[in-house]
Colleague: 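Provided herewith is a single structure, encoded as structure tokens, for subsequent inquiry.
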2 protein chains.
Amino acid sequence: MTIYDVAARAGVGIATVSRALRGSAPVADATRAKVLAAVEELGFRPSHAGTSLAARTHAANGIVFPDLSGPYYAEVLLGYEETASRLGRSVLVLATHGRDDPVSSVRDLALRVDGLVLLGRTVPDHVIEELTAFGLPVVVVARPEVGAADSVRADGLSAARALGEHLAGHGVRRVAFLGAPEESPDVAERWRGVREGLGKHGIEPTVTPCLFDEASGTRVAAWLLAGEERPDALVCANDEIALGAILAAEEVGLRVGVDVAITGWDDVMAARHARPALTTVRQPMRTLGALAAEVLDQRITGHRTTPRHESLATDLVVRDSCGTHP
Amino acid sequence: MTIYDVAARAGVGIATVSRALRGSAPVADATRAKVLAAVEELGFRPSHAGTSLAARTHAANGIVFPDLSGPYYAEVLLGYEETASRLGRSVLVLATHGRDDPVSSVRDLALRVDGLVLLGRTVPDHVIEELTAFGLPVVVVARPEVGAADSVRADGLSAARALGEHLAGHGVRRVAFLGAPEESPDVAERWRGVREGLGKHGIEPTVTPCLFDEASGTRVAAWLLAGEERPDALVCANDEIALGAILAAEEVGLRVGVDVAITGWDDVMAARHARPALTTVRQPMRTLGALAAEVLDQRITGHRTTPRHESLATDLVVRDSCGTHP
DNA sequence: GCGTCCGTAGGAAGCGCTTTCATGTGATGA
DNA sequence: TCATCACATGAAAGCGCTTCCTACGGACGC
């Protein structure tokens, strides 16, 4: 079932079929009708490979995740896919996590898409520069601007400041930040904001390195809470750490929200259902994905040639784990 | 940068370059070395469209989700992507949720992949039959067997029976099942198993229709718990409903696990962190995805031509929401 | 020493589409 | 009435690759 069959059936040339189908050049109404009728009868759908080869386009976008675990990424993907497909593009996903050669995988992916979205620290900067230099539109999400690539991120600074101030209002004195600010600019920003917010009230928080999963949260929190100078607030770099910390606090018999305040970041589903419910910061995940797709599309279609850098607001979500509210 | 450039550089014909690169026919060692050197120097990577057109293959798999929300699907996708890429295939995702014409989207997708995985009720049976009749390998996940398609699912029957018996052991008498068994065979299976498990102890549960989200869970549970014949156990078709039900119980001052038992299904992250922690059934999500990729691959490569139907075991995860354990 | 065969390599024909270029048609103006 | 032109259309040339078919040597057997 090729364009030749359709052409034969409609009694026209293949060029006319192509033109009638994609409207790239005027076709007489009667002819177009014949072509469309033939297409309908034969159930013709153009071969993607043929189109892609001749038109030098893929009608597909890629998106690269460090891993896909957790609700964070699923939401981003959902927003991305929805918008991309509305713009007529398929979506190819790639998770670099646990892959032996992420760079090569990304390069391969780059060959079959018209543009690429990269989340976080999936590949080194020089690879991104290589891709953009090659002419491939690239959007980075949750990662600092790099080269000619566009960028989309959630601005955590003001929410982090608000969180710091809010905690100060609860009367906390010894605040520990759990996470690794040096590993990610986003986390560094959170740390900075919290520090500023607390600083206004004369409180100087400390950083305790912690991996971004629940088990690490439990381990590090347990260690902190058993120490000499027990913190009265644990500000965690994400919700997983915070949920793990809540378990640790319960373990040693401390009341979360009373003896120790614990906060997270992301507002995953479990945050709302934890008891006490977790005070955290909500990120517009789905919007992040949708925006990335849009920004990318502008580049692909050539509607824009200068880099665009978007920053979305985040919201402090106050619940009970930071202390009781009247 | 095409195969012609490489051929010229290496001083051979393009056919030889192709053979050297894909090993489809013997090439003298010296020649192969020259070709590989040229490829290396020129940084040549074969055009995907060209390959795909000539070789009549896409080196890509599709996966179709009803939607991507929730940890369930993210995990499936993760397992799928990991295995598919290990098998040398890219992954195209499609979420039918909120789409005006899912069938057409799936048909489009079918044109650019070598095989397709369909999750749940994304498209009607006749579309699947059409696709398989067309010769496209299809695997359905969490959906009853259909036509010539392979299938992969989690077997919930024994876990559901175990759940029913466990609840009976807690001494519950009036059990309500929240969900819509008629809408999904998987849920029907859960209902059947629970009913059988309880039936052994002379308890006859009832079904209360409920959508599969948290808000519906809260609403339906609130209504049930305020009724005349207040149930002392709410068996929910998934964790979201159950988490919503916990909120409803708290709202009316009932102690979950004491005054009323509540159970879920899926073991999402929030289930573990809810208080009381949710008794639920764990599904091997990631394995489900990985298995689907494998089953699909066998068909694509032609290693198997008869349908394969896999069923994975699920585990009852007993926590506190069904009652206190010593 | 000559014919045969195998291993190797190149030419060329597609794969299904888009697009350029050339052509034919009827309508228009002089 | 004839040249001109806009419009519609078809033929054909790619797009970059795979693979069939053919051809060329050199090694082998007789």
Side-chain angles (χ1 to χ4, degrees), chain A residues 1-39 42-60 88 90 107-108 110-114 134-135, chain B residues 1-39 42-60 88 90 107-108 110-114 134-136 301:
Chain A
M1 191 53 46
T2 72
I3 199 171
Y4 289 90
D5 300 315
V6 176
R9 176 86 173 215
V12 300
I14 58 162
T16 302
V17 174
S18 175
R19 286 192 279 252
L21 253 34
R22 50 195 351 256
S24 51
V27 171
D29 286 349
T31 312
R32 186 197 322 284
K34 276 194 300 183
V35 170
L36 294 180
V39 165
L42 268 42
F44 168 76
R45 308 202 137 218
S47 142
H48 182 71
T51 311
S52 161
L53 186 56
R56 287 116 171 284
T57 176
H58 297 94
S90 301
R107 285 209 187 100
D108 274 344
L111 242 58
R112 46 195 310 169
V113 297
D114 300 319
F134 181 70
Chain B
M1 190 55 47
T2 71
I3 198 171
Y4 289 91
D5 301 314
V6 176
R9 177 87 174 214
V12 301
I14 58 163
T16 302
V17 174
S18 176
R19 286 191 281 255
L21 253 34
R22 50 195 351 256
S24 51
V27 171
D29 287 349
T31 313
R32 186 197 323 283
K34 275 195 299 183
V35 170
L36 294 180
V39 165
L42 267 43
F44 168 75
R45 306 203 139 218
S47 141
H48 182 70
T51 311
S52 160
L53 186 56
R56 286 114 170 286
T57 177
H58 297 94
S90 300
R107 285 209 187 99
D108 274 345
L111 243 59
R112 46 194 311 170
V113 297
D114 300 319
F134 181 70
L136 188 79
T301 56

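Convention: sequence-line order gives letters A, B, ...; per-chain numbering from 1.
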Colleague: Could you state the interatomic distance from OG1 (T2(A)) to CZ (R45(A)), rounded to the nearest 0.5 Å?
Modeller: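 Output value for this atom pair is 16.0 Å.
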Colleague: Would you give the length of the straight line joining atom OG of S52(A) to atom CG of L53(B), rounded to the nearest 0.5 angstrom?
Modeller: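 One gets 9.0 Å once the value is rounded to the nearest 0.5 Å.
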Colleague: Can you tell me the distance, in whole Å, between the NE2 atom of H58(B) and the P atom of dC17(D)?
Modeller: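 From H58(B) NE2 to dC17(D) P: 16 Å.
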Colleague: Considering all heavy atoms of both residues, which atom of A10(A) and which atom of A38(A) are nearest to each other, and what is their separation?
Modeller: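 Heavy-atom minimum between the residues: CB-CB, 3.9 Å.
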Colleague: If you check every side-chain atom of S18(A), which of dT19(D), dT18(C), dG10(D) has the closest atom?
Modeller: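 From the listed options, dT18(C) comes nearest.
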Colleague: Under the rule for side chain to side chain donor-acceptor pair (under 3.5 Å), what residues qualify as partners of T57(B), not counting sequence neighbours?
Modeller: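 Only D114(B) meet the side chain to side chain donor-acceptor pair (under 3.5 Å) criterion with T57(B).
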Colleague: Axis-to-axis angle across the helix from dG1(C)-dC30(D) to dA30(C)-dT1(D), five pairs an end, to 10 degrees?
Modeller: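 Inter-axis angle at the termini of the helix from dG1(C)-dC30(D) to dA30(C)-dT1(D): 50°.
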Colleague: How long is the line joining CZ of R32(A) and P of dT9(D), in whole Å?
Modeller: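 Result: 9 Å.
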Colleague: Identify, with sequence neighbours excluded, every residue that meets side chain to side chain donor-acceptor pair (under 3.5 Å) alongside R9(A).
Modeller: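 Partners of R9(A) by the side chain to side chain donor-acceptor pair (under 3.5 Å) criterion, ordered by chain and then number, come out as E41(A).
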Colleague: Specify the separation, in whole Å, of atom CZ of R19(B) and atom C1' of dT19(D).
Modeller: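 Rounded to the whole Å, the gap is 8 Å.
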Colleague: Give S52(B) one of three labels, base, sugar-phosphate or nothing, depending on what nucleic acid heavy atoms sit under 4.0 Å from its own.
Modeller: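 S52(B): no heavy atom of the nucleic acid under 4.0 Å.
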Colleague: Before you tell me yes or no, could you show the steps for V35(B) and R32(B) under side chain to side chain contact (heavy atoms under 4.5 Å, CB included), namely the whole-Å CA-CA distance, both residues' side-chain angles and the distance that decides it to 0.1 Å?
Modeller: CA-CA 5 Å; V35(B) 170; R32(B) 186 197 323 283; 5.6 Å; no
Colleague: Provide, to the nearest angstrom, the distance between the CD1 atom belonging to I14(A) and the C1' atom belonging to dA12(D).
Modeller: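 Distance, rounded to whole Å: 9 Å.
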Colleague: Counting only side-chain nitrogens and oxygens, does T16(A) get under 4.0 Å of the OP1 or OP2 atom of dT9(D)?
Modeller: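 Looking at the OP1 and OP2 atoms of dT9(D), neither is under 4.0 Å from any side-chain N or O of T16(A).
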Colleague: Counting only pairs under 3.5 Å, give me each side-chain donor-acceptor contact of residues 24-31 of chain B, with atom names and distances, residues two or more places apart or in other chains.
Modeller:
none

Colleague: Using the 3.5 Å cut-off, write out each protein N or O paired with an N or O of nucleotides 14-16 of chain C and the distance between them.
Modeller:
| from | atom 1 | to | atom 2 | distance (Å) |
| --- | --- | --- | --- | --- |
| dC15(C) | O2 | A54(B) | N | 3.4 |
| dG16(C) | N2 | G50(A) | O | 3.4 |

Colleague: What are the two closest non-hydrogen atoms of A110(B) and L136(B), and how far apart are they?
Modeller: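 Closest approach of A110(B) to L136(B): CB-CD2, 3.8 Å.
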Colleague: So which heavy atom on A60(A) is nearest to which on R112(B), and how close?
Modeller: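 Here A60(A) and R112(B) meet closest at CB-NH2, 3.3 Å.
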Colleague: How far apart are the closest heavy atoms of L21(B) and F44(B), and which atoms are they?
Modeller: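 Minimum heavy-atom contact is CD2-CE2, 3.6 Å.
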Colleague: If you round to the nearest 0.5 Å, how far is NE2 of H58(A) from CG of L111(A)?
Modeller: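 Here the interatomic distance stands at 7.0 Å.
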Colleague: Between residues 21-30 of chain B and DNA chain C, which residues have a heavy-atom gap below 4.0 Å?
Modeller: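 The answer is P26(B), V27(B), A28(B).
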